Amino acid sequence: MGSNTVVVPFVDLSFQHQPLQAQIDQAMHGVLQRGDFILGASVAEFEAAFAAVCQVQYGVGVACGTDAIALGLRACGITIGDEVILPANTFIATLIGVVQTGATPILVDCDPQTALIDLKAVERAITAKTKAVIPVHLYGQMVSPSHLFELASTYDLLMFEDAAQAHMAEREGYRAGSVGTAAAFSFYPSKNLGAVGDGGMVVTQDEPIAQSLRSMRNYGAVRKYIHTEYGVNSRLDTVQAAVLQVKLPHLAAWNQQRYEVAQHYDALLKPYAAKGIFPLENHSDRGHVYHLYVVRLAEAGLPDRQALQQDLANQGIQTGIHYPVPCHLQPAFQYLGYGVGDFPYTEALADQILSLPMFPGMTLEQVHQVVAALARAIGMPQPDFPKPDLLNEAG
Ligand SMILES: *Cc1c(COP(=O)(O)O)cnc(C)c1O
């Protein structure tokens, strides 16, 4: 098979967009006709709808997830001199959001089985200056709400969720976005709920925080041309909100499909544990929304990761690494003073992880193709699959 033939793409958004094409066209056309491009009707409507889905009162749409973190933290009162604890094992935007507030980021290691922030490490990192902790609900799995509540009350700290990969994720009866004082979401196109461009939102139960954000995202204006605080230009575009409104009612079903794909992977990959391939652990049952499906390649005897990825690519299977270089080892953040060896679990994961294709609408046949290619790449006999069938017949 030639290396240019894609058999299973890493992500395929066409399954989401094709059935909704007419509705999306109509929504975009509506914005064009009304001309309410900035903070138009769809923005407030989508803010209310998405906040309700998060089981909180307020949503404030911003330009992207990174701004949702930066502005959200500022609205919570985080500023220069404060320390904010976050995992080293996250997408760089979490760290960028903290740095933008002027606060000092304090990184901690992760749990090697789930890749989520290690809350024991958080406790050890707390000082008199610590104001907030950012649990990142990485890959679609929430950090334990009960542990976060306990941490918040024991140390009098603010919890600010980075839920950019966890739209509608649940754990212990709580939904992502409803646990912290506020939470940030991203609507980057490939997120579980994606726009057709950039977008983000802060959700919160706290009215003054929501008010402050509405002003902060709009040049710090309380009303036109009256600026009571330092603000920026970071609004969710009306056209993006209009598209997101069309897509939101389908989010639960899409997450369900991701979950089913993950169940199939889990079952089919069981025999590969003997070869050193371990899916990351799910501690939240059906509440995991599998933004990504990540395995650890944890044993000598496997081909090295780059060779394995290349072999899979030659078989038409696209994979990813989320993320190859941890935050604390990024050149831009050397000034924070961290180095190799500071966060051993994070560093080990960066070397070992591989993300397999995962998207709503992925068929069981595609899952089989991924697993069969993996078997070939590591010299295992071809698995004996049940007969191929469409995993998601009802779009
Ligand atoms: C995507 C993402 C962000 C940033 O969102 P953008 O919309 O791309 O700015 C922040 N944190 C995490 C964990 C993300 O995955």
Side-chain angles (χ1 to χ4, degrees), residues 10-11 13 46 50 54 59-74 84-101 105 107-108 110-111 114-117 132-143 159-169 176-177 179-180 182-203 213 217 232-237 240-241 243-244 247 255 258 280 288-294 320-328 330 332-333 346 349-350 353 355 358-359:
F10 185 63
V11 172
L13 299 178
F46 176 65
F50 191 71
C54 297
V60 182
V62 295
C64 60
T66 309
D67 282 1
I69 297 167
L71 299 177
L73 286 170
R74 271 184 58 201
V84 175
I85 300 175
L86 70 154
N89 193 45
T90 183
F91 180 53
I92 197 73
T94 318
L95 176 56
I96 292 172
V98 174
V99 169
Q100 280 189 38
T101 67
L107 300 175
V108 297
C110 64
D111 173 318
T114 61
L116 298 175
I117 190 168
V133 177
I134 306 186
V136 180
H137 304 321
L138 200 67
Y139 306 146
Q141 172 159 225
M142 287 178 74
V143 179
M159 297 292 143
F160 185 94
E161 298 166 78
D162 180 342
Q165 302 187 356
H167 313 67
M168 276 187 108
V179 173
F185 285 88
S186 163
F187 304 117
Y188 180 84
S190 64
K191 298 286 160 91
N192 290 45
L193 180 63
V196 290
D198 279 308
M201 194 178 293
V202 183
V203 301
L213 277 163
R217 71 172 170 185
V232 297
N233 176 350
S234 178
R235 299 163 298 220
L236 178 63
D237 281 337
Q240 299 301 344
V243 172
L244 288 163
K247 294 182 71 175
N255 281 344
R258 289 175 181 273
L280 289 182
H288 195 322
V289 294
Y290 286 99
H291 174 60
L292 294 168
Y293 186 87
V294 178
I321 299 171
H322 302 87
Y323 301 90
V325 180
C327 291
H328 68 289
Q330 291 290 351
F333 295 100
T346 298
L349 281 176
I353 47 175
S355 308
M358 164 59 79
F359 49 90

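Both ligands and their constituent atoms are indexed starting at 1 by order of listing. These numbers come from a predicted model, not from an experiment.
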Student: Give the numbers and elements of all ligand 1 atoms closer than 4.0 Å to a heavy atom of Thr94.
Tutor: 11 (N)
Student: Return the minimal non-hydrogen interatomic distance between Gly180 and Glu161, and the atom names on each side.
Tutor: N-OE2, 2.8 Å
Student: Less than 6.0 angstrom separating the ring centers of Phe50 and Phe187, yes or no?
Tutor: yes
Student: Measure centre to centre between the rings of His322 and Phe10, then say whether the value is under 6.0 Å.
Tutor: yes
Student: To the nearest 0.5 Å, tell me how far Phe91 CZ sits from Ile96 CD1.
Tutor: 7.0 Å
Student: May I ask you to check whether His167 and Phe185 place their ring centres under 6.0 Å from each other?
Tutor: yes
Student: To which protein heavy atom is atom 6 (P) of ligand 1 closest, and what is the distance rounded to 0.1 Å?
Tutor: Gly65 N, 3.4 Å
Student: Return yes or no for this condition: an N or O of Ser186 is under 3.5 Å from an N or O of ligand 1.
Tutor: yes
Student: Please state which protein non-hydrogen atom is closest to atom 11 (N) of ligand 1 and give its distance, to 0.1 Å?
Tutor: Asp162 OD2, 2.8 Å
Student: So which of His291, Met201, Gln165, Lys191 gets nearest to atom 2 (C) of ligand 1, if we judge by its closest heavy atom?
Tutor: Lys191
Student: With a cut-off of 4.0 Å, which atoms of ligand 1 are near a heavy atom of Ala93?
Tutor: 3 (C), 4 (C), 10 (C)
Student: Is ligand 1 under 4.0 Å from a heavy atom in the side chain of Ala164, in the backbone, in both, or in neither?
Tutor: side chain
Student: What closest approach, in Å, do Cys110 and Ala115 show between heavy atoms, and which atom pair accounts for it?
Tutor: CB-O, 3.7 Å
Student: Once you restrict to heavy atoms under 4.0 Å, what part of Thr66 touches ligand 1? Side chain, backbone, both or neither.
Tutor: both
